[in-house]
Amino acid sequence: MRRGGQIKKFVVILTCASMVFAAAGCGAGGNTQGDSTKNTQTEEAAATETTEAESTAADQEAAEQGMEPEQAALQDPQAWEWDAEDEETLRYAFAKEFGGRAGVCVPMAALSDAARMEIVKGQFNSVTMENEMKPDTFLGNKPNIGEDGFPVLSFTVPDMMLKEIKAYNDTAGNDGRKIMVRGHVLVWHSQTPEWFFHEEYNVDKPYVDQETMLARMESYIKQVMEHYEGADSEYQGMIYAWDVVNEAVNDTDGGMRTDSSWFRVFNSSDFVEQAFVYANRYAPAHIKLFYNDYNDTNPKKADGICRLIEQIKANPEARIDGMGMQGHYDMDFSDVLFKQAAKKYAAVVDEIQITELDLKASRGFDGENTEEEYQKQAEVYKSLYDAVKSLKQEDVPITAIVFWGTDDRHSWLQSANAAGGSADGTRVQCPLLFDKDYEKKPAFWAFVDDSKLEAAE
């Protein structure tokens, strides 16, 4: 990927933490989106186990970059050491099978449900905050304008979650158990306060001009990056990827979606390109920058996404590292279309992540014959996982699979939603790997040990 001259060389710090998250689930409440190898650890990340000479060289490089020598470099997942207790976990399976992370969406409301969070701590090593890192959380309902004329962001809510992650990681032991964070999302038409786009931050006034909007975008991205990656930040190194732009391409012909205040200001894709310029300008090199979208296997939309990515890459000040295939699929999932789309994306980016995976129920499923539905679901998930492993053999770098929720009870698909990849609320859903009582479903074994599928209850 082309990296702009502004980008800083950075050695990955691995200091992420422990979690006690709880009750409400991903997708519960509000207009929330299921937002919905050349592995993630590249040349900027050295192996943790180094010789004394290598450590000295790493310390010297860190000093040259203004970093503390004790910042630990992140290992290749396939080089992690594991204990026997790790072997029936998603994080172990993913690291061994395709060299990627096992991720899950977690909301703030999950901070007190010990059973649910035992799943997070016991199975995953990547967390995406469901809503807590979206623009409406940082910006708030009403503008708080600083002396420089730009909104002052509030980090109170996401920082509460990061503190818990950080505390967990201090006791997690093996590197593969430590939880890193996917930042989601910097620029998105949804869940961004409408006042952000208007003159004087007043929705009753006209949209601002493009120059003003770009200045606001840059200030926003700069504040986020400085808060989490600045020299004095206690969270430095915890975030390994950011979805820079979410869902900018339409579902019909692969052009830009126009039902967006971002588009209404620019009337073009220029804002997407500039978002990656600013992200590159302020993000350290270890943070991978992603475009993220749903309906990701649709051939026309995939072609449109690739055109957009090529536009971003053509700007020497921009950087884009990966494509986020959201993965809000249903029982008609086609592994053929999935592989075709993944290969298209791999031709234009360094890596791919499945970022919001869930599986809508069969048409006509009424919640009664769950055993049959669970087995069907396991077969579809297995076909997806087989495709991921097959793509690795073809050097298509999928570096994470992130599930959009821990369990069926708390899935956003249980209620109607207008966001991309959502359910219509007309039937019972059972989209995840754990049931409403937090028990493993057959789909879990489709990823961890498919020889147990027949024996799974």
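FYI, the numbering just counts along the sequence from 1. Remember, it's a predicted structure, so these values are computed and weren't measured experimentally.
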(message) Using the rule given for side-chain hydrogen bond (donor to acceptor under 3.5 Å, both in side chains), can you reason through Gln123 versus Thr89, listing the C-alpha separation, both sets of side-chain angles and the distance that settles it, and then say yes or no?
(response) CA-CA 5 Å; Gln123 292 291 331; Thr89 65; 4.9 Å; no
(request) Show your working on salt bridge (charged side-chain N to carboxylate O under 4.0 Å, His left out) between Glu371 and Lys441 and close with a plain yes or no. (result) CA-CA 9 Å; Glu371 183 176 348; Lys441 294 162 57 181; over 6 Å; no
(message) Tyr240 vs Arg101, test: side chain to side chain contact (heavy atoms under 4.5 Å, CB included). Steps then yes/no.
(response) CA-CA 11 Å; Tyr240 73 100; Arg101 287 187 171 270; 3.9 Å; yes
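In this structure, Phe94 has its ring center under 6.0 Å from that of Tyr385. For Trp242 and His286, the ring centers sit 6.0 Å or farther from each other.
No side-chain heavy atom of Met160 sits less than 4.5 Å from a side-chain heavy atom of Lys163. Contact annotation: the side chain of Gln236 never approaches that of Tyr228 to less than 4.5 Å [non-hydrogen atoms, C-beta and beyond].
Using modelled atom types, one side-chain atom of Gln429 and one backbone atom of Ala361 make a donor-acceptor pair closer than 3.5 Å. In this structure, Thr297 contributes its side chain and Leu337 its backbone to no donor-acceptor pair below 3.5 Å.
The salt bridge (charged side-chain N to carboxylate O under 4.0 Å, His left out) contacts involving residues 323-335 comprise Asp332-Arg363, where partners must be two or more places apart or lie in separate chains.
The residues Arg177 and Asp83 are annotated as salt-bridged, a charged nitrogen and a carboxylate oxygen being separated by less than 4.0 angstrom. Between Asp321 and Arg319, at least one side-chain N (NZ, or NE/NH1/NH2) sits under 4.0 Å from a carboxylate O, which counts as a salt bridge. Between Lys436 and Asp408 no salt bridge is recorded (no basic side-chain N to carboxylate O distance below 4.0 Å). Salt bridge Asp243/Arg182: present, at least one basic N to carboxylate O contact under 4.0 Å.
The side-chain contact (heavy atoms from CB on, under 4.5 Å) search around Lys300 returns Asn298, not counting sequence neighbours.
Phe444 pairs in a ring pair (Phe, Tyr, Trp, His ring centres under 6.0 Å) with only one of the listed residues (Phe434, Tyr374, Tyr438), which is Phe434.
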